[in-house]
Amino acid sequence: MAKHARRNRKVRFLLAAAAALAASLPVAAIAATGGDAAPQVEPRIVGGGEASIQDYPYAVYLTDSSGNQFCGGVLVSSTAVATAAHCAAAVAQSDMRVVAGRQQKSGTDGVVVNVKKIWTEPGFSDPGKGSDVAVLTLDRQVSYRPVSLPGKSDGSLYAEGTNATVLGWGRTADGGARATSLRSAVVPVVSDSSCTSSYSNYNATSMVCAGYPDGGVDACQGDSGGPLVVGDTLIGIVSWGDGCAKPGKPGVYTRVSTYADEIRAQSQSRSLLW
Ligand code: ARG
């Protein structure tokens with residue numbers, strides 16, 4: 001009996017160890033989206049942990065019409081989602097779905113909503129050149145609490161060392177049956193001078209970097225378009241990086257404060273008024 005229990009414990013331990021190992025294995029990219037030096041095989045949000053959609057009700061993800069998750073997004077009003085411009089361009093508008101209020105990709109909680117309009121920051125061409133922001137207008141209202149956008153007095157949120165939280169579902173594993181859940185990681189804001197030495201094309205107006213000097217914690221492919229928040233204020237949108245979580249190569253995010261007025265203007269549910 002005791003021996004049996006011990007063996008069960010051992011089996012459970014081995015299963016847990018195998019699961020942990022599987023969770024840390026790299027996942028093949030389904031699409032090489034812009035900004036990365038080369039398409040490569042990378043893990044999902046790196047160095048983070050599971051997060052609750054209850055704590056981050058504004059975190060959403062984007063799928064194609066077959067339900068394949070390809071990017072993240074963030075509710076900025078009851079009818080609007082901010083995401084990366086390179087995400088908004090990845091799938092035809094008529095095929096794009098926003099999944100809100102859902103913890104697990106395999107779940108059925110929350111809602112799946114169509115997109116009736118896409119606004120992309122004028123001047124966007126490539127994440128590495130900045131302007132990587134878009135606003136999706138939903139074809140109906142959702143009831144999940146939107147994120148706050150930074151105001152004029154929120155400049156300090158971008159101070160070097162500010163701890164920010166990045167959220168995402170990572171990408172869909174090619175052929176993988178594994179359930180994937182919302183994940184989060186905490187990354188400190190990196191100074192403009194430091195990020196300039198990491199990336200020669202870093203632009204302090206349109207981008208902000210976050211990560212540790214030694215790497216280890218980062219967003220990754222499939223997290224693009226998702227939120228980087230301080231408290232419940234959106235300071236960044238996952239945009240690009242050189243690989244993921246590499247030393248000296250922080251994640252690069254769209255600097256939301258630069259685009260906040262525009263995002264706000266695009267988020268008003270005008271069409272619902274007439
Ligand atoms: N471009 C990627 C995407 O489309 C996001 C890459 C973020 N990389 C990083 N190291 N933080 O999902």
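What you are looking at is a predicted structure, and each value in this text was computed from that prediction instead of being measured. Atoms within a ligand are numbered from 1 in the order they appear, just like the ligands themselves. No hydrogens, no waters, no symmetry mates; every other heavy atom, side chains included, goes into these values.
- Between Ser224 and ligand 1, an N or O atom pair is found at a separation short of 3.5 Å.
- The minimum heavy-atom distance between Ser239 and His86, with the atom names listed, is O-CE1, 3.2 Å.
- In the vicinity of Cys220, heavy-atom distances shorter than 4.0 Å reach the ligand 1 atoms 5 (C), 12 (O).
- The shortest heavy-atom distance from Lys249 to ligand 1 is not under 4.0 Å.
- Within the listing of ligand 1, atoms 10 (N) sit less than 4.0 angstrom from a heavy atom of Cys244.
- Ligand 1 lies out of reach of Gly225, whose nearest heavy atom is not under 4.0 Å from it.
- A donor atom on one side chain and an acceptor atom on the other are found under 3.5 Å apart for Asp232 and Tyr58.
- Residue contacts with ligand 1, taken as heavy atom pairs separated by less than 4.0 Å, involve Asp223 solely via the backbone atoms N, CA, C and O.
- When only interatomic distances are considered, the shortest N/O to N/O separation between Ser239 and ligand 1 falls below 3.5 Å.
- Both tests do not hold together for Lys129 against Phe124: distance to the six-membered ring centre under 6.0 Å, angle to the ring axis within 45°.
- Atoms of ligand 1 lying under 4.0 Å from at least one heavy atom of Gly251, given by number and element, are 11 (N).
- Atom OG of residue Ser224 and atom OH of residue Tyr253 lie 9.5 Å apart, to the nearest 0.5 angstrom.
- The closest side-chain heavy-atom distance from Thr120 to Gln266 is not below 4.5 Å.
- For the pair Pro227/Val147, no side-chain contact is recorded, criterion being any heavy-atom separation below 4.5 Å from C-beta on.
- Here's the thing with Gly243: one of its N/O atoms is less than 3.5 angstrom from an N/O atom of ligand 1.
- Counting heavy atoms from C-beta on, the side chains of Asp154 and Ile235 never come closer than 4.5 Å.
- Taking distance alone, with nitrogen or oxygen atoms compared against 3.5 Å, His86 approaches ligand 1 more closely than that limit.
- In this structure the side chain of Val99 reaches within 4.5 angstrom of the side chain of Val112, judged on heavy atoms.
- Atoms of ligand 1 lying under 4.0 Å from any heavy atom of Gly222, numbered from 1 in the order shown and given with element: 3 (C), 12 (O).
- Using a 4.0 angstrom heavy-atom cutoff, Cys71 does not count as in contact with ligand 1.
- Gln141 and Ser78 share a donor-acceptor pair across their side chains, judged by distance under 3.5 Å alone.
- Of all atoms in ligand 1, listed by their number and element, those nearer than 4.0 Å to a heavy atom of Asp218 are 9 (C), 10 (N), 11 (N).
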